[in-house]
2 protein chains.
Amino acid sequence: MTQELFAKYSFLLDRTARKVKQYAQQQFKSGEFDVTVDQWLVLKNLSENELLSQTELANLVFKDHPTLTRIIDLLCKKGYVERITHPQDRRSFQLHLTESGVAKVTALKPKVLEIREKAWENLNETDFEEFKRILNTIYQNLDGQTIEE
Amino acid sequence: MTQELFAKYSFLLDRTARKVKQYAQQQFKSGEFDVTVDQWLVLKNLSENELLSQTELANLVFKDHPTLTRIIDLLCKKGYVERITHPQDRRSFQLHLTESGVAKVTALKPKVLEIREKAWENLNETDFEEFKRILNTIYQNLDGQTIEE
DNA sequence: TACAAATAGTTAGTGTGACAAATATATGAA
DNA sequence: TTCATATATTTGTCACACTAACTATTTGTA
């Protein structure tokens, strides 16, 4: 296999990832979800893990701290999340879904799953397992850390 | 396959694509390439196709027009690209690699290929074919879809 | 106790991505 | 010819990614 192909696959990977995000974002918008795709990822993780710190959440969703700070800012402004000062550590916050945030997650969850499903038409479960394996291999090659799943 | 399983791919895909880009960008930076990963993609395509219009180039690299305008602006500022008014159509430009741009592509090409290769360690040709097939299927599943339902 | 080092989070700067709207020019049909 | 429409590119706005630098606290160690 020639080196040129490696570069081509990097291009395909980037192009597909952007398309997946763009498609979901369009559906979010037309459905008036009132959150972006990335904001949704954060909300969903908060609904599954209460009282996370921003650092813990950043590790869960694989976003860096400045990005997470701004996403949390926006979610607070929209009233879905609250920052609660950590009782023992004044540098840190415990993130808390508001009632409105919980309701948002409940309302959107099935709709998001339906949107995500669209990408897998004409593909089966074996494809999915292969895809996951290859993506994780690539990630590990460049990260040097193990990924469990 | 359950819907929850389906939903994981978008996270893994996004995470991996970002890692691939981030790794390459770090290498570009430490090697003092003087261009970003996206700027490189544009330069490389210009070196393979002279006198493209911005619209033609946008279709080649799958970037939208405003994004491309700004990347071209930066490459012009760096002296690697020139906009030449189209002789028959004053709305349009013909994009031209300067001498400096040609030299840059020549110098960087082998280095970029080497960087790209790193992502594909521990994967074989069958994996590449599968990966390409799945990425392209996903892309097509989501491409050209209307927002309304 | 003192103080350097580590940690949590924010701010700033640059680049990119998506989308909408604006500008300038070209084209086609009445 | 003239005017509506199409095309090429730019501008504006918001969101996200990454880096670096910064503030405020906490912790480790002498």
Side-chain angles (χ1 to χ4, degrees), chain A residues 14-30 33-42 51-59 61-78 81 83-95 142-143, chain B residues 14-30 33-42 51-59 61-78 81 83-95 142 147:
Chain A
D14 182 65
R15 182 179 81 159
T16 305
R18 277 191 284 120
K19 175 61 77 178
V20 165
K21 192 168 199 169
Q22 183 195 12
Y23 173 77
Q25 190 59 57
Q26 282 176 349
Q27 299 298 313
F28 275 37
K29 184 173 185 182
S30 73
F33 285 15
D34 187 41
V35 290
T36 65
V37 170
D38 295 284
Q39 288 163 19
W40 163 253
L41 178 66
V42 167
L51 297 183
L52 290 175
S53 72
Q54 292 190 196
T55 295
E56 288 165 339
L57 181 55
N59 292 334
V61 299
F62 285 80
K63 291 185 182 300
D64 56 42
H65 296 233
T67 298
L68 198 54
T69 290
R70 281 164 188 133
I71 291 177
I72 298 291
D73 284 348
L74 291 170
L75 290 174
C76 286
K77 216 175 279 179
K78 292 177 180 177
V81 174
R83 286 186 171 100
I84 301 174
T85 311
H86 190 288
Q88 272 83 48
D89 187 340
R90 289 192 301 164
R91 294 170 304 178
S92 173
F93 295 112
Q94 292 178 329
L95 298 172
L142 303 182
D143 194 54
Chain B
D14 183 63
R15 183 179 76 162
T16 303
R18 275 191 285 120
K19 175 61 79 178
V20 166
K21 190 170 200 167
Q22 183 196 11
Y23 173 78
Q25 190 58 56
Q26 282 174 350
Q27 300 297 311
F28 275 37
K29 185 170 187 184
S30 72
F33 285 14
D34 188 41
V35 289
T36 66
V37 171
D38 295 282
Q39 288 163 20
W40 164 253
L41 179 65
V42 167
L51 297 182
L52 290 174
S53 72
Q54 291 189 192
T55 295
E56 289 165 338
L57 181 55
N59 292 335
V61 299
F62 285 80
K63 294 187 183 295
D64 65 10
H65 298 231
T67 298
L68 197 56
T69 290
R70 284 158 187 142
I71 290 176
I72 298 290
D73 285 347
L74 291 171
L75 290 174
C76 287
K77 216 174 282 180
K78 290 177 180 178
V81 174
R83 286 184 171 100
I84 301 174
T85 310
H86 190 288
Q88 271 82 49
D89 187 342
R90 288 195 299 163
R91 294 170 304 178
S92 174
F93 295 112
Q94 292 180 328
L95 297 173
L142 303 182
I147 295 175

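Because the structure is predicted, anything quoted here is derived from the model rather than measured. Convention: sequence-line order gives letters A, B, ...; per-chain numbering from 1. Just so you know, these numbers use all the heavy atoms, side chains as well, and skip hydrogens, waters and symmetry mates.
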Holding to side-chain contact (heavy atoms from CB on, under 4.5 Å), I want the full list of residues that pass it with A:D14, two or more places apart in sequence or in another chain.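 For A:D14, the residues satisfying side-chain contact (heavy atoms from CB on, under 4.5 Å) (neighbours in sequence not counted) are A:R18, B:K21.
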For the pair made of [atom1] in [X] and [atom2] in [N], what is the distance, rounded to whole Å?
{"X": "B:Q94", "N": "D:dA8", "atom1": "CD", "atom2": "P", "value": "13 Å"}
{"X": "B:W40", "N": "C:dG15", "atom1": "CH2", "atom2": "C1'", "value": "19 Å"}
{"X": "A:Q27", "N": "C:dA18", "atom1": "CD", "atom2": "C1'", "value": "15 Å"}
{"X": "B:D34", "N": "C:dT14", "atom1": "CG", "atom2": "C1'", "value": "14 Å"}
{"X": "B:H86", "N": "D:dT7", "atom1": "NE2", "atom2": "C1'", "value": "13 Å"}
{"X": "A:L57", "N": "C:dT10", "atom1": "CG", "atom2": "C1'", "value": "16 Å"}
{"X": "B:L41", "N": "C:dT16", "atom1": "CG", "atom2": "P", "value": "11 Å"}

B:Q27: partners by side-chain hydrogen bond (donor to acceptor under 3.5 Å, both in side chains), with sequence neighbours left out: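 B:Q27: no side-chain hydrogen bond (donor to acceptor under 3.5 Å, both in side chains) contacts found.
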Phosphate OP1/OP2 of [N]: any [X] side-chain N/O under 4.0 Å:
{"X": "B:K77", "N": "C:dT14", "result": "no"}
{"X": "B:S92", "N": "C:dT25", "result": "no"}
{"X": "A:Q54", "N": "C:dT10", "result": "yes"}

Protein-proximity profile, nucleotides 11-18 of chain D, B/S/- by nucleotide at the 4.0 Å heavy-atom cutoff, equals BBB-SSBB
Taking the nucleotide of DNA chain D with the nearest heavy atom to each, does B:R91 or A:R91 sit closer to the 5' end?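 With B:R91 and A:R91 compared, the 5'-side residue is B:R91.
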A:V37 and A:F28: which non-hydrogen atoms are nearest, and at how many Å?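 Looking at all heavy atoms of both residues, the shortest contact is CA-CE2, 3.8 Å.
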Determine, for B:R83 against B:D73, whether the closest basic-nitrogen to carboxylate-oxygen distance falls under 4.0 angstrom.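 Yes, B:R83 and B:D73 are salt-bridged.
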